[in-house]
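Below is one structure, written out as structure tokens; the observations come after it.
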Amino acid sequence: MEYKYLENQRILIFRITEEIDEFKVKELRRKADYEIERYMPKRVIFDFNRVSFMDSSGIGMIIGRYKQASMFGGKMEITNLRPAVRKIFEMSGVLRLIPEIDIEHEELPELQQNFI
Amino acid sequence: MENEMKLEFISKSNNEAFARIAVAAFVSSLDPTIEEISDIKTAVSEAVTNSIVHGYEDKKGIIHIKCKIINRKIHIEISDNGKGIENVELAKQPLYTSKPDLERSGMGFTIMESFMDNLLVESVFGVGTKIIMEKEIKEIPKAENLTLEEALRG
Ligand SMILES: Nc1ncnc2c1ncn2[C@@H]1O[C@H](COP(=O)(O)OP(=O)(O)OP(=O)(O)O)[C@@H](O)[C@H]1O
Ligand SMILES: [Mg+2]
């Protein structure tokens, strides 16, 4: 997983680059919580563009990060869901809590910057 | 077509990817669509994760997978000798989880049920759990069976 932080807008973006299952979720949790605590962002965005597989472990992980972000006063969004991943999000009802956004149409040139 | 395979591995979560990829490779002889393959991989991942997280509760145990292809149907059995399920009906309810503290969402059985055609849960409390799932792989008409006109129309 890569991330970048847009200082001015206080947006923290994570780009997940691995398949999401119980094994991988442990590290994703730890990394994401570390950055959320460090920056206390206003918005946290998880980019799923590179995620070709996710099971229910991913749902638990995303809800957990939503709680973490809320605790620090931020809201959370997800973007670039592939069909297989969207199917699981839709089934779980999580999209009512954590909306899917179209990041390509956000007026934020900084979004094009490189990830860390 | 008929075919059969068996797998056994220890209950470590880094074996999840291996298990779902092995089953997907076994099914590939039926020419499934990307969506069918993805559904099967997800269902296998749910059952294997449950055996590791709930059945063995992260202690070491063996997980068994048995797969059969009968005509165009894939039959998958995933079993553990872990702690078993006290109330299967309750466990299958959407959003029910016995481990909310571990960030589980209670969606595993719901996903298995909707991604596969049939789901059967056999469990004896204190003895173990067996998940049986089946899915029919739809036949897609082969390109060479189409007339030129049909092929051009797409
Ligand atoms: N192999 C198993 N051995 C013992 N208990 C199990 C097993 N599989 C499932 N269970 C029980 O059934 C419940 C529901 O399982 P399900 O997969 O639907 O949800 P979950 O695993 O709790 O959460 P999620 O799958 O969303 O991460 C579990 O919380 C657990 O109590
Ligand atoms: Mg589960």
Side-chain angles (χ1 to χ4, degrees), chain A residues 1 14 16-34 36-37 44 46 48-71 76 78 80-98, chain B residues 9-21 23-24 32-58 63 78 91-116:
Chain A
M1 183 170 70
F14 293 104
I16 306 177
T17 50
E18 43 272 276
E19 298 200 327
I20 306 179
D21 60 13
E22 171 58 17
F23 178 60
K24 290 292 172 62
V25 127
K26 291 175 192 156
E27 197 185 334
L28 296 178
R29 248 182 227 140
R30 192 178 51 73
K31 279 190 183 168
D33 284 351
Y34 179 80
I36 292 170
E37 262 179 60
V44 178
F46 276 87
F48 282 79
N49 190 26
R50 305 242 197 108
V51 178
S52 54
F53 178 86
M54 182 179 89
D55 67 16
S56 65
S57 309
I59 299 292
M61 188 274 287
I62 282 296
I63 295 173
R65 302 301 67 67
Y66 164 83
K67 290 182 181 159
Q68 185 78 358
S70 310
M71 213 163 75
M76 200 163 114
I78 53 180
N80 288 329
L81 305 183
R82 297 205 200 170
V85 172
R86 178 173 296 111
K87 204 166 154 179
I88 292 182
F89 272 114
E90 280 172 350
M91 196 174 292
S92 70
V94 164
L95 295 173
R96 268 170 290 165
L97 201 67
I98 304 162
Chain B
F9 51 92
I10 62 168
S11 56
K12 291 184 97 160
S13 65
N14 52 346
N15 282 332
E16 288 170 2
F18 157 73
R20 63 177 180 261
I21 289 164
V23 175
T33 61
I34 291 171
E35 187 174 11
E36 285 166 336
I37 276 284
S38 155
D39 288 353
I40 291 168
K41 278 166 80 175
T42 312
V44 168
S45 196
E46 295 300 344
V48 170
T49 304
N50 280 353
S51 290
I52 295 171
V53 175
H54 305 294
Y56 293 120
E57 295 189 304
D58 292 317
I63 296 169
I78 300 177
K92 285 167 78 180
Q93 295 294 315
L95 305 180
Y96 172 81
T97 178
S98 54
K99 294 196 187 313
D101 46 316
L102 292 184
E103 293 193 352
R104 310 249 52 115
S105 62
M107 286 302 295
F109 279 131
T110 308
I111 289 172
M112 287 183 251
E113 213 150 29
S114 77
F115 284 17
M116 303 294 282

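Computed from heavy atoms alone, side chains included, the values below leave out hydrogens, waters and symmetry copies. All of these numbers come straight from a predicted model, not from anything done at the bench. Quick note on labels: first sequence line is chain A, next is B, and so on, each numbered from 1.
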- Item | Taking every non-hydrogen atom, the tightest pair across A/Arg29 and B/Leu102 | NH2-O, 3.8 Å

- Measure across A/Met91 and B/Ser114 and return the closest heavy-atom pair with its distance rounded to 0.1 Å. CE-OG, 3.0 Å

- Roughly how far, to the nearest 0.5 Å, is CD of A/Glu22 from CG of B/Asn14? 11.5 Å

- Query: What's the spacing between B/Met107 CE and A/Ile63 CD1 if we round to 0.5 Å?
  - Reply: 9.5 Å

Measure the shortest side-chain to side-chain distance between [X] and [Y] over non-hydrogen atoms and say whether it is less than 4.5 angstrom.
{"X": "A/Phe23", "Y": "B/Ile52", "answer": "no"}
{"X": "B/Arg20", "Y": "A/Asp21", "answer": "yes"}
{"X": "A/Lys26", "Y": "B/Ser13", "answer": "yes"}

- Note on the structure: So, the part of A/Glu19 with a heavy atom under 4.5 Å from chain B: the answer is side chain

- Step through the shown structure and confirm whether more than 12 heavy atoms of other residues, nucleotides or ligands are within 6.0 Å of CD on B/Glu57. yes

What part of [X] is in contact with chain A, defined as an atom under 4.5 angstrom from a non-hydrogen atom: side chain, backbone, both or neither?
{"X": "B/Val48", "result": "neither"}
{"X": "B/Asp39", "result": "side chain"}
{"X": "B/Thr97", "result": "neither"}

- Message: Under the rule for side chain to side chain donor-acceptor pair (under 3.5 Å), what residues qualify as partners of B/Thr49, not counting sequence neighbours?
- Response: B/Glu16

- Item | side chain to side chain donor-acceptor pair (under 3.5 Å) involving B/Lys12 - partner list, sequence neighbours excluded | none

- Residue by residue, which of residues 51-58 of chain A have a heavy atom closer than 4.5 Å to a heavy atom belonging to chain B? A/Phe53, A/Met54, A/Asp55, A/Ser56, A/Ser57

- Message: Under the salt bridge (charged side-chain N to carboxylate O under 4.0 Å, His left out) definition, can you give me all pairs with a residue in residues 57-70 of chain A, not counting sequence neighbours?
- Response: A/Asp33-A/Arg65, A/Arg65-B/Glu103

